[in-house]
Amino acid sequence: TQKRKIRSDANLAGEILFTASPTWYRKQDDLNEEIDLEKVDQFSEGVTQFLQQEFGPYCVSAVLHLDEITPHIHAHTVPVDREKRAAV
């Protein structure tokens, strides 16, 4: 629970972009090859574990994007002072 007023210039959320080399997602080092969905799953699981470990409930969103050549994840976190358990 928040016990003090949030500053008017405070960051309300932070964005993190997770990605890897475009060729890593391919079965061969050829961008014309189809994306290997097992590698996408492996990448997603790794990012999810990292976000849970580092941010826990303060990660409010993580979305996998497959709309470009390289799959990537946009994650949004709420900045919190872990000692005071209050929004920064």
Side-chain angles (χ1 to χ4, degrees):
T1 59
Q2 183 71 30
K3 295 182 181 180
R4 59 189 162 138
K5 183 178 178 186
I6 297 174
R7 295 180 4 204
S8 62
D9 64 343
N11 289 325
L12 301 179
E15 181 177 21
I16 306 169
L17 174 65
F18 295 91
T19 189
S21 169
T23 56
W24 183 81
Y25 292 102
R26 304 310 195 270
K27 293 182 181 181
Q28 299 176 6
D29 288 343
D30 182 359
L31 291 179
N32 294 323
E33 288 287 320
E34 287 187 30
I35 292 174
D36 184 345
L37 295 180
E38 288 182 19
K39 287 193 174 186
V40 174
D41 288 342
Q42 180 184 356
F43 170 73
S44 298
E45 289 173 17
V47 169
T48 299
Q49 288 176 0
F50 173 80
L51 290 169
Q52 288 174 344
Q53 180 181 346
E54 291 297 314
F55 300 100
Y58 304 112
C59 178
V60 294
S61 171
V63 179
L64 173 64
H65 288 248
L66 299 172
D67 60 338
E68 298 177 21
I69 292 175
T70 306
H72 57 283
I73 294 176
H74 291 269
H76 294 91
T77 62
V78 177
V80 172
D81 183 329
R82 292 178 187 213
E83 291 178 15
K84 296 179 183 177
R85 292 221 175 270
V88 183

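Test Leu66, Leu37, Ile35, Ile69 against Tyr25 for side chain to side chain contact (heavy atoms under 4.5 Å, CB included) and you get one pass: Ile35.
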Derivation and outcome, side chain to side chain contact (heavy atoms under 4.5 Å, CB included), residues Val40 and Leu64: CA-CA 9 Å; Val40 174; Leu64 173 64; 3.8 Å; yes
Audit row: Thr77, Ile16, side chain to side chain contact (heavy atoms under 4.5 Å, CB included) steps and yes/no: CA-CA 8 Å; Thr77 62; Ile16 306 169; 4.1 Å; yes
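Note that CD of Glu15 is 7.0 Å distant from CG of Leu17, once rounded to the nearest 0.5 Å. Between the SG atom in Cys59 and the CZ atom in Phe50 there is a gap of 10.0 Å [rounded to 0.5 Å].
At a threshold of 4.5 Å between non-hydrogen side-chain atoms, the residues Phe55 and Val60 do not count as touching.
When all heavy atoms are compared, the tightest approach of Phe43 to Pro71 is CE2-O, 4.5 Å.
With sequence neighbours excluded, no residue satisfies side chain to side chain donor-acceptor pair (under 3.5 Å) with Glu38.
Aromatic ring centres of His76 and His74: separated by at least 6.0 Å.
Taking the six-membered ring where the residue is Trp, His65 and His72 present parallel rings, their angle staying beneath 30° rather than reaching 60°.
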